[in-house]
Structure formats: C-alpha cells, structure tokens
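Report on one structure; see the data block that follows.
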There are 2 protein chains.
Amino acid sequence: MNPPPRRPLTLRDVSEASGVSEMTVSRVLRNKGDVSAATRTKVQEAAKRLGYVPNKIAGSLASSRVNLVGVVIPSLSNMVFPEVLSGISERLDDTGLQPVVGVTDYLPEKEEKVLFEMLSWRPSGVIIAGLEHSEASEAMLRQAGIPVIEIMDVDGVQIDSCVGISHRRAGRMMAEQIIEAGYKRIGFMGTKMPRDHRARKRFEGFTRTLAKAGIEIADQDFYSGGSALAKGREMTQSMLERTPDVDFLYFSNDMIGAGGLLYLLEKGIDVPGQIGLAGFNGVELLDGLPMQLATMDACRKEIGLAAADMIAKHYAEGADSYERRIELEPKLALGQTLLRR
Amino acid sequence: MNPPPRRPLTLRDVSEASGVSEMTVSRVLRNKGDVSAATRTKVQEAAKRLGYVPNKIAGSLASSRVNLVGVVIPSLSNMVFPEVLSGISERLDDTGLQPVVGVTDYLPEKEEKVLFEMLSWRPSGVIIAGLEHSEASEAMLRQAGIPVIEIMDVDGVQIDSCVGISHRRAGRMMAEQIIEAGYKRIGFMGTKMPRDHRARKRFEGFTRTLAKAGIEIADQDFYSGGSALAKGREMTQSMLERTPDVDFLYFSNDMIGAGGLLYLLEKGIDVPGQIGLAGFNGVELLDGLPMQLATMDACRKEIGLAAADMIAKHYAEGADSYERRIELEPKLALGQTLLRR
DNA sequence: TTGAAAGCGCTAACAA
DNA sequence: TTGTTAGCGCTTTCAA
C-alpha cells in the first residue's frame, strides 16, 4: 500500500492523482457547482484512495465561512450543562456546524479569556450561558458581528438573542404553590455560589413572593463541593436540629432535594404531612426515588435545541429567520412532596 | 465612541492605528521576538482601544500550528463523559489548547463523520473514547500525523497512546469479591448497548470468572432509555419475580444499582444478608444513599486529566515526553452491600 | 529592534 | 463544465 505521508495531503495531491484541476477537485469535494459525473467519480476515487482530508483552516480563510459554534458554559460537573450541550450537539448534527466548548467555572475573568479565544476562531455564532457578563465580554460579543445566543435565563437585558426560562418567575411559582398548600415555616438550602445569577434570581423570586404573603424564610443554608445528595442529607439534618419547626424545605437543586427526601423518609418523618419538599431542575433521576419530589423543569435540553436552532437558521437562512427571544415555560411538577395539608 | 465595525479588524488596522508595521504588531500580540517596551505599549494600547481579536484561522494557516484538540466521545447523557471532558478541560486550561467535542452516539459511522470533520481542522491532537474503531476511522487517525489518545479502555490494541482501565479486569475483580463473599445465585443488569465495548468487556470478565468458579449467571436483563434509577428499580422488581432465589445483583452502572438498592430497602429485604449488590463507576451520588453501594471507580476524571496531559506534553515538549500507555487501577469500594455472609 | 516579501491551502470570481 | 487568477490574514524568513 501507500506509505503514510509525513506531510498532510493537499488539494494539489488529489488534483495530480486524478488529473483534474485543483478548482474542480475543490468543487467535487464540496458538492458545489456543476461537475460531470465522470470527473466527479475520478476525483472521489482519488481522494478516497489517498485518504485526503480537506484543510478547513485554509478553506475557512478563503471563504470566510467557519462552521464552528462557540459554546460558553460555567461548568461540566452536574448534569445541567451537559444536557444543554447535548441538545446543542443534537440540533447542530446535520448542519455541518460544530460546537467548541469553553468552561468558565463561574468566573467572569475566565469567561473573558474563553470568549477571546473562541472569537479568534471567527465562529459562526456563540451560545453563552447567562445574561450577566463583564464589560469586556459584552464588548467582544457585540463587536463580533455574529449571532450571540444567551441561554438559560431571560431575566435581564439580552445582547442579541436569548432562550431560557425566567428564574424569578420559577421561584415565584414555587413559592405560590407552597403558600397555597398552607406551609408557613419554610427553610431554604442552596449552593454557595454568589456568581450563579440564576440561582440568585430564583431565590429572590421565592423570598419576595413569600414576603408578600407575610412569610419570612425560617432558616437557610448553603453548601459547596462534595456529593450533592450527601450534602442535601447533611444540611437537612442540621436544619431540623437548628429549626425543628420547619414545615417546608425548598432546595435549589433536585440532587440536594433528593438527599433531603431520603433523609426524612429514613427518619420516619411524614412527607408531605409534617414537612413538604421541593427541588429544582426536573432531573430524570427523580423518577426512581421512593417518592416523587416536587420540582420544576428547567427545560435544559430544549434550551440547547432552541439555541442551536437559532444559530443554524442564522447560518442557513440569515439573520431574520428566527425569533430573537424565546421564554420557555418551566413546567411545575408537584410530585408527592408538596400537597395541600 | 467608535462605531462598531462591520468588517472584523485585522492586524493592518492595529498597525495603522499604532504606526507600527504589521509584523511588529504581530510580534507584540504573540509575545514573540524582541520588541522595545515603547513600541509594545503603543501596540497594546491600540489593540485594546480598537477591540482587536486576532484571527486564528489566518494565524494557524500561516504557522501550521493549531491550538485545537479533538475530543470524540459516545454520549453526553450520563455523567461519565462530561466528567472525562471536565478533566480534559481542566488540564488544557492554561496550555493555550482548546477542546472541540464530537459526539458519536455509539455509532461507528457517526464516529467516522465526526473524526473527518475534526481532522479537517488539523488539530494538535485527538482524544477518542475506546479502542474499537472502523477501518476508515483508524486509517484517518494513523494518517493524521498527530498524537491520538484512546481513552477509557486498555483491553486491546492501541493506535498510538492510551489511558484507561481494564474493564475485563474490573469485571473479574468484582466477580472475585462476590465469589469470595459466598454468593452463588447471581443476577446481572445492564444497558442494551451492543456497541458499548467497555460494558461488554466487563460483563465478559465477570462471567468468565464466575464460570471458573462453576457459577453461571442466574438471570440477566438489559434496559434502554429512561431514568436509570427508575429502570434499576423496575428491573430489580421483575428479576426478583422471575428468579426469586437470586442472592446477588451486579449492575453495569451505579445509577441502576442505586435504583435496585432503593427498591430492596423499601421492600424490607436484608441487604447484603439476603441479597448483595454492586454497581460500577464510583459516582459521587452514592455517598448520599441510605447505604453505601459496592462499586468500582472508573477513574473518569483522572483519565481526562492524563489524556490531556499527553497532548499538552506532546504540544509543548514533543512526541517523546510522555508514556504511551497508562493503565489506571480501578479502585474497589465494597461499601455496605457486598459483605461476606 | 524593525520591516518587506513570500506563501500557508484553499475558494470567489471570472474567463474559456 | 472546467480552468486561471488573485487573494483570505496571518507568520516565516530574511534583510536592514
């Protein structure tokens, strides 16, 4: 067989091997322009035989079209963002576009760095989590001249387009349910993440709605690191010791909620009679728990799909082919842990 | 302020704005070569003021250096691959290298497609899950002339480098523990995924070791789709109905194992007295369960870190600066569900 | 320390 | 239907 080349093959190699001009080879390989069937076959065979892989760097420079989509997310360490990513990947699948992922760890400086790095590839679009960015990041996004989709959140001012849910509203909705069900002594548990604006907004929506009903949070606790399920357990235990008269626990994510639920059930506490519970996210995991935890679906995959859809449409049909703002409805699921008492 | 440009800025713009040649601007922006402090400042200010973002497409074409690393994984829908990805992302963080992710859905044809797409960016390396690839994929990887790191598995022939655990051995180790503990009627539950070679190898290692001890699998079941926790529950229930005398359940992942565990505990079945349990993966989640599920850590994050480390070393110090094969030790954790009876 | 020229591998635009 | 020419925006190389 052919000895493996040290130098990557170029169009010229295929051109020489097939006896067709570089330009025509390029046309065949991109399915662009009219090429006779005979030539087409000749070229395809030569390309395949040689094992030619086109060089997109050169192609993109020449055509100023880049089939990359930047995706900027804060973390990969719970299922939330991988699910969004999965939606993006799925929608982009047969568009010829490819996601490039950057992780910010919830740090604005890192977001700037990641964004700068990405934009230097002149991607066809950027999908970025959240509406809060540093001035520099925002300037870069505005200057880029490409579609920018801010995802997960709609409470604020978007740069270009956005898809997400209203976290304030999500917090409010859950508070309303809890109030309506008659709970009065409400504890809150969440993550210690001042930079997680969505969690913050949910909390705000939640506490404000309670306040309007004359209820103040009875106790609250925040964790960082470790197994969320275990932390939910621990925090629940401490909270019950500190504030034995709580009658409802609202968790900022389902994982700690599940931990709390398992703890209460083990202790033989009547859920939702003595204590009601609710989480947030609508993770699949909940289906397998001994009791359905009340939660609210954050539409993670849909958000990924919708965001990628905007980019895909922009890429294929232009800037005016899609809605610039999509607010999804977080679906409330009362499960069995939040019931009128 | 400056009106936002429709055309992205080029080196020439910075050159003109700073009164310095393009070449020198390029040197400043890359911290390459000797430039006087005065010139440096002038250029940096101009670049910042204009909001210049370099064009890596052009830079890469000119220098034939591409700071991209292709990452090819089968799925994003459980925590396994996001965790690997997280390790990769972390290690690559300050190397100037960036991951580009492709998802194959366990389909060889899609792997080929994704790989072709990636290689056409001439990345500095590829990290790819598994040792089993189609002929075409393998040919592409060999021809690429870049470091190729196959991850997660070491049972087979590597193309270039690999990092992972031996899944056959993992299966064997767990079987040995189960046998030693005195269990005899063993049920297996896993995913319906003929293409998941690692799960297959674990199962093989497991059954062969049992066979040597004269034990045959008493019952087995495979699921696809849905919430793993719920499926673990359901499958466990059906298996107990079908084969009431099983005394051990081996699950191919911790999530279904946790479902099984919750089910058994609810039913008041004595674990591990009447029935022992084990899963696979060592997910953090397990820390919060009512009882510690026996499992084996698959070293997911370490694999990501080590694979990215190889690429980073290759990029910075050349092809001979790292070990070509790293077999990690899956750590066995017997928890409380696999005990001598 | 700085600058000028050449060209990376491809594609847009035009010509044949 | 096919080929030719001229860059895309940068970096390499070499000269000043």
Side-chain angles (χ1 to χ4, degrees), chain A residues 5-44 46-47 50 52-68 96 117 119-124 144-145, chain B residues 5-44 46-47 50 52-68 96 117 119-124 144-145:
Chain A
R6 218 48 263 157
R7 163 183 68 74
L9 297 164
T10 67
L11 262 193
R12 158 166 248 126
D13 296 305
V14 182
S15 163
E16 281 168 4
S18 61
V20 175
S21 78
E22 283 187 45
M23 197 53 232
T24 301
V25 171
S26 167
R27 288 194 183 100
V28 171
L29 268 23
R30 285 178 299 144
N31 275 317
K32 201 103 187 228
D34 295 320
V35 181
S36 73
T39 315
R40 180 176 301 279
T41 323
K42 239 189 332 190
V43 170
Q44 282 168 336
L50 297 175
Y52 172 70
V53 176
N55 184 330
K56 289 223 178 194
I57 304 271
S60 298
L61 183 60
S63 66
S64 37
R65 276 203 127 208
V66 181
N67 73 339
L68 258 23
E117 201 67 17
L119 292 178
S120 60
W121 284 104
R122 302 285 187 267
S124 288
Chain B
R6 219 47 260 157
R7 162 184 67 76
L9 297 164
T10 68
L11 262 192
R12 157 167 248 125
D13 296 306
V14 182
S15 163
E16 281 167 4
S18 61
V20 176
S21 78
E22 283 187 44
M23 197 51 238
T24 301
V25 171
S26 168
R27 287 194 184 99
V28 171
L29 266 23
R30 284 177 300 144
N31 275 317
K32 201 101 185 230
D34 295 320
V35 182
S36 72
T39 316
R40 178 175 303 279
T41 323
K42 236 189 332 188
V43 170
Q44 282 168 335
L50 297 175
Y52 173 69
V53 176
N55 184 331
K56 289 224 178 192
I57 303 270
S60 299
L61 182 60
S63 65
S64 36
R65 275 202 127 209
V66 180
N67 74 339
L68 257 22
E117 202 66 19
L119 292 178
S120 60
W121 284 104
R122 302 284 186 269
S124 288

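Predicted model, so just to flag it, every value in this text is computed and none were measured. Each chain gets a letter, A, B and so on, in the order its sequence line appears, and its residues count up from 1.
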With the side chain of [X] defined as its heavy atoms from C-beta on, choose the nearest nucleotide among [options].
| X | options | value |
| --- | --- | --- |
| B:Ala62 | D:dT13, C:dG7, C:dC10 | C:dG7 |
| B:Arg30 | C:dG3, D:dT12, D:dT4 | D:dT12 |
| B:Ala58 | C:dT2, D:dC10, D:dT11 | D:dC10 |
| B:Asp34 | C:dA13, C:dT1, C:dG9 | C:dT1 |

Expressed in angstrom and rounded to an integer, what is the separation of [X] atom [atom1] from [N] atom [atom2]?
| X | N | atom1 | atom2 | answer |
| --- | --- | --- | --- | --- |
| A:Ile57 | D:dT11 | CD1 | P | 13 Å |
| A:Leu11 | C:dC10 | CG | C1' | 6 Å |
| A:Arg122 | D:dC8 | CZ | P | 14 Å |
| B:Leu29 | D:dT11 | CG | P | 8 Å |
| A:Asn55 | C:dG7 | CG | P | 18 Å |
| A:Glu22 | D:dT2 | CD | P | 16 Å |
| B:Arg12 | C:dA5 | CZ | P | 12 Å |
| B:Lys32 | C:dT1 | NZ | P | 16 Å |

Could you tell me whether the side chain of A:Ser120 and the main chain of B:Val53 form a donor-acceptor pair under 3.5 Å? no

Main-chain N/O of A:Leu11 paired to A:Ser15 side chain as donor or acceptor, under 3.5 Å: no

Look at the side-chain N and O atoms of [X] and state whether any lies under 4.0 Å from the OP1 or OP2 oxygen of [N].
| X | N | result |
| --- | --- | --- |
| B:Tyr52 | D:dC10 | yes |
| A:Ser63 | C:dT11 | no |
| B:Thr24 | C:dT1 | no |
| B:Ser36 | C:dT2 | yes |
| A:Arg40 | D:dT2 | no |
| B:Arg27 | C:dT1 | no |
| A:Ser26 | C:dC10 | no |
| A:Arg7 | C:dG9 | no |

Going from CH2 on B:Trp121 to OG on A:Ser60, what distance comes out if it is rounded to the nearest 0.5 angstrom? 3.5 Å

May I ask you to say what A:Thr39 touches in the nucleic acid, namely base, sugar-phosphate or nothing, with a heavy-atom cut-off under 4.0 Å?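 Sugar-phosphate contact only - A:Thr39 comes under 4.0 Å of backbone atoms but never of a base.
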
Please work out if B:Thr10 contacts a base, only the sugar-phosphate, or nothing of the nucleic acid, heavy-atom cut-off 4.0 Å. sugar-phosphate

Select from B:Val35 and B:Leu61 the residue whose nearest nucleotide in DNA chain C is closer to the 5' end of that strand. B:Val35

Hey, does B:Leu29 have a side-chain heavy atom less than 4.5 Å from the side chain of B:Val43?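 Side chain of B:Val43 against side chain of B:Leu29, heavy atoms only: contact under 4.5 Å found.
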
Pair A:Thr24, A:Lys42 - check side-chain contact (heavy atoms from CB on, under 4.5 Å), show working. CA-CA 11 Å; A:Thr24 301; A:Lys42 239 189 332 190; over 6 Å; no

Does atom CZ (A:Arg12) have a neighbourhood of more than 12 heavy atoms from anything else shown, all under 6.0 Å? no

